[in-house]
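Reminder, nothing fancy here: chain letters follow the sequence lines and each chain counts from 1. Everything numeric in this text was worked out from a predicted model, so none of it was measured.
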Amino acid sequence: MRDLKNHQPQVEAPTRWMRVRVSLVGFVFVALLGGMFARAVNLQIHQRERLQGMAQDQYLRELEIPARRGDIFDRRGTPLAQSVDVDSIWVDPSMLTDARDVAKKLSKALQVDQKDLLERFAKGRRFAWVKRQVTQTEVEKVKALGLSGFGFTKEPRRFYPQRELAAHVIGLVGTDSHGLDGLELSFEDELSGDKARRASVRDAKGRKVLTDGVEDPLSRQGASVTLTLDRHLQYVTEKALLKAVEDAKAVAGMAVVLDPKTGELLAVANAPRFNPNAPQGVTADALRNRSVTDAFEPGSTFKAFVIARALEDKVIAENTTFHCENGNWAVGRHVVHDTHPWGALDTRGILQVSSNICAAKVGQKLGRETLVDTWQRFGFAERVGLGLPGEAKGVVPFPRAEIALATQSFGQGLTASPLQVAAAYGALANKGVLMKPYVVAKVVDADGLVLLENRPTEVRRVVSPKTAGTVVAMLESVVEKGGTAPRARMDAYRVAGKTGTAQKVDPVAKGYSDKRFSSFVGMVPAEDPRVVIAVFIDEPKTDVYGGLVAAPAFKEIAEVAMPHLAVPPSRAIPVTSEPVVQRPELPQRPEKSAVVAAIERLDAVTEAPAAGAVRVPDLTGQSGRTAVAQALTVALEPRLVGSGRVVAQSPAPGSLVEKGARITLELAGNLPSVTR
Amino acid sequence: MSVVIEARNRGGLPLSVILGEILPAALAVSLLALVGIIHVTSRVLVVSQGYELSRLDTHSTELMRENDRLKLELATLKGPSKLEAVARAKLGMVTPSAAQVFHVKK
C-alpha cells in the first residue's frame, strides 16, 4: 500500500460539478439500498408468516397416509381377516353441469340412491363421496360414463377370505376401518395401526417430489392377531351345527370345541351365521356371538358337576343308590318329573338316564351352600375373560326355596353361557383342573414385538383327579346302550358326555314354556380327553332331546377332530366289507387316481427319474435359513414367502424335479402347536 | 476503479502489484461462485432423486397392493368350503371313515 501511495501519479482534480454528480449518484444508490433494505425487512420479518403460508400452499401438499390394519390369523397362520386397498369414487360438485343427470347415471351404474347422491352433491362444494370401497367393475362403469369432475382414491377395505367362518369371533369393521364387533372391536387399538400425515413437495405440474425420503410402511402397519381357532375344526363345527339346527328346525345353535388341557378354543360356532364381507342387511340377531354373549338355563348337563362334588365331598359313593320315585316327586307345592318312571338308580345310573329326581336328591344331600360353591368353583356366575364384547356372566341365585335347590341340581333356575359349560366340562376332562379358556394366542406388532401372548392358565383345582376320572367314566355310560345319547357313540373312540334338555322361561307368562334348550356336552377320547365339544340347540321343533338333536352334531365334529388332531383310536375298528386298500392281483402299474394326477399337475413333478432330477426334501418345520441351505445343497432354487418357519412347500416333499427348479417355501411365525 | 487502475498503470505500476491487490478478491469471488454452483447442482440432484424416489414409492405401493390382493385371492381360494366342493366334485374325494384313517406311531 505504501508503494502505491509513493507511485500515485498526479491526477487532475475533479471539478466541482463532477463532485456534485458523484454525490447525487451516491445518494440515489444509498436511497435505493435503503428502500430495498426496508422492503426486505417488511417482507422477511413483518409479512413472514403470511407469505410463508402462501408459498407452502403452492408447493407443499399434506398427504394423509392411511394405516394398514393388521391381519387376523388362525392357529396355523391361515388369514381370517385381511385389508386390501380398493378404489373409492369422489366428485367435485362444482364441476358438474347437470347434477340431476349425473346422479341418474351414477345411480344406475353403482346401485346407489339418486336422491342421496343429489343431497351429497348439494352439501359438498368441492368434494363429495359418490361411493366408497367399490369393485373394479364399478370403477370401469363410472369411467365408461366419461363424466368430468370425478376422481378415484385408494382406501383400505377389510376382507374376510373365509367368509362366514368364525365371523362371530372375528367381528367386522365399518367403512372407515374401525372395529364394530368381535375381536375387530376388542383389539381395535392394536389392529388399527397409526395413520401418518406428511407434507410433500409438489411441482408445478402437481407431481409429488419426495425430497425428505419415504416412511417405512411398517410404521403404519397394525399388529397381527393370531387366534387359537383351527380353521378346519371351525369349518367342520359350523357345518355340523348348521345341519343340526336345520334338521331340528331350531331358532339358533351354538357349538364350542375346547382343548381341556390348555383352555384353547379350537372352534366357536353360532347359527345363524353372517358374511362379514357383506354386512348390509344382517340382523342384530345373526350378528350375536351367542356362545359367548347368551346365558341359558343349561339343564341336565349340570348333573355331572353335582355328582362330581358329591363324590369329592364323599357325600355319596359310586355305589350309593337313590330311589327315583317312579318319575314324580313332590317338593313342597311343586312336583319334579322324570321322563321315565325310574326306580332305584346308582350314581352312574343317575347320569346315564339323566334322572332329575335323583339328581335333586343328591343336591339336597350336598346342601345349599355347597351347591352354590360348586357352581362357583366350576366357573359359573363369573366372566371367562375372553376379551370379546358382551361376554355373559350367567346368574346363580342362592336356592333359598326347597324347589330351587332341587331344580338347580338338574340345571334349571340358574344360567350359564355355552362357553362356561364347555370350560367346566374341560375341568372334568383335565383331571379336575379348570383352565382359563382363551381365543387369542398372541398379538404381534409389525416389528415382531409380542404385545400380548396368552398361555395355558390354571384357574383352580375343582375336584381331585380321582373324582374327575370317576365322573368321566360314568359319563361314558351316557353314550352306550341304555343311555340318553347313543347317537354320540363313536366306533373308534371312547366318548364321555351328558345330554341336556332344559325348559325355557316364557318372559311374558313368567313361567316355563314348552320351548326347549337342548344340548350335548362331551369329551373324546374318554381315556385321555383331547377335546371337549359342546353343542347347544335353541328351541328345536322336530325332536327336543339333546341326545337326539345335539349328539349327532357332536359325533360329526368329533369324527373329524380326532384324525385331524392325530389322536390314535381308543379301540381297534373292525375293517368293514369295503376294503380300504385294494391290491391288484397282477403286478401291474396301478392306475393313477384323479387326486394323484391333479397333485402331480399342480406340482409340475416328473414322476420318471431322469438324469439331472432331484428329490425334493421335506423342509417343513425348519427355519428359513436352514431350509434355504438345504434346498441349495440339492440344487434347488428356494423362494421364500413370509418369515419364520416353513409351514408349507411346493413341490411336495419326495417329488422328483429337475435340478435348479424353483421350490416355494411358505413361512409363518412360531405358532402354538395343536397337539399337546 | 478501472479508471484509477488505468491511471496508476499509466504511472508505471507493476503488474505483480496489481495482481497481488486483485487476486485475493478474484479468488474469493471464484470460491463463492463454486460454492454456489455446488449448492445449485446438489439441489438439482436432490430434486431429481426426489422424483425418482417418488416414482419408486408409487411403484412399491402398487406392488404391495397387488401382493395384498393376491394374498387375499389365495386365501379365498384355499377356503375350506371351496376346497371341499372342488375335492368332492372334481377330484371325487370323500371324508375317510374311521377305519380308513391309519395312525403312524412315531
Side-chain angles (χ1 to χ4, degrees), chain A residues 1 3-4 7-11 68 71 78-80 82-86 154 156 159 161-165 200-201 203 207-215 217 231-232 234-236 239 490-493 559-560 562-563 566-569 573-576 578 580-581 593-595 597-599, chain B residues 3-4 7-14 17-18 20-21 43 46-58 60-62 64-84 86-87 90-93 95-106:
Chain A
M1 284 306 273
D3 288 342
L4 269 174
H7 290 88
Q8 255 185 4
Q10 289 297 314
V11 181
R68 281 171 60 86
D71 297 341
T78 306
L80 301 173
Q82 286 176 295
S83 289
V84 174
D85 284 348
V86 294
K154 293 282 182 191
F159 285 96
Q162 316 293 331
R163 295 165 55 92
E164 291 90 351
L165 207 72
S200 162
V201 177
D203 67 6
R207 290 175 302 187
K208 190 169 63 174
V209 189
L210 293 170
T211 49
D212 297 326
V214 287
E215 218 165 77
R231 180 187 67 161
H232 185 60
Q234 180 72 31
Y235 172 66
V236 171
K239 209 171 106 177
M490 295 170 74
D491 291 332
Y493 296 91
E559 276 184 339
V560 177
M562 289 298 98
V567 181
I573 320 149
V575 179
T576 51
E578 223 176 288
V580 176
V581 181
S593 71
V595 180
I599 291 168
Chain B
V3 174
V4 175
R8 286 175 184 173
N9 217 12
R10 277 201 300 271
L13 192 68
V17 174
I18 294 169
E21 185 76 3
R43 286 305 303 164
V46 165
V47 171
S48 154
Q49 290 300 306
Y51 277 117
E52 181 63 9
L53 192 58
S54 171
R55 192 184 63 77
L56 291 173
D57 185 44
T58 309
S60 156
T61 310
E62 278 168 10
M64 278 171 71
R65 279 183 186 141
E66 182 66 5
N67 191 26
D68 286 347
R69 199 187 59 73
L70 290 171
K71 273 185 186 170
L72 177 69
E73 194 180 332
L74 180 68
T76 310
L77 290 172
K78 281 170 127 181
S81 50
K82 267 189 194 294
L83 281 183
E84 190 185 10
V86 171
K90 288 193 177 174
L91 305 176
M93 294 172 92
T95 309
S97 66
Q100 289 172 308
V101 178
F102 292 91
H103 292 267
V104 182
K105 283 181 185 171
K106 284 181 184 172

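- A distance of 8.5 Å separates CD in Q82(A) from CG in L74(B), rounded to the nearest 0.5 Å.
- Looking at S81(B), the atoms closer than 4.5 Å to chain A (heavy atoms on both sides) sit in the backbone and in the side chain alike.
- In this structure, the portion of Q162(A) lying under 4.5 Å from any heavy atom of chain B is its side chain and not its backbone.
- Between chain A and the residues E73(B), Q49(B), R65(B), the largest count of heavy-atom pairs under 4.5 Å involves R65(B).
- With chain B as partner, the option from K239(A), E164(A), M562(A) having the largest number of non-hydrogen pairs under 4.5 angstrom is K239(A).
- For a residue to count as touching a neighbouring chain, one of its non-hydrogen atoms must lie under 4.5 Å from one of that chain's; by this rule V567(A) touches chain B with the backbone only.
- In terms of heavy-atom pairs under 4.5 Å with chain A, the best-connected choice from S54(B), P80(B), P96(B), S48(B) is P80(B).
- For the pair D71(A)/K71(B), no side-chain contact is recorded, criterion being any heavy-atom separation below 4.5 Å from C-beta on.
- No part of L80(A) comes within reach of chain B, as not one of its non-hydrogen atoms sits under 4.5 angstrom from that chain.
- In terms of non-hydrogen atom pairs under 4.5 Å with chain B, the most contact-rich of K154(A), H232(A), E559(A), Q234(A) is K154(A).
- Contact annotation for R163(A): neither backbone nor side-chain heavy atoms come within less than 4.5 Å of a heavy atom of chain B.
- Between V84(A) and L72(B), the shortest heavy-atom distance links the atoms CG2-CD2, 3.8 Å.
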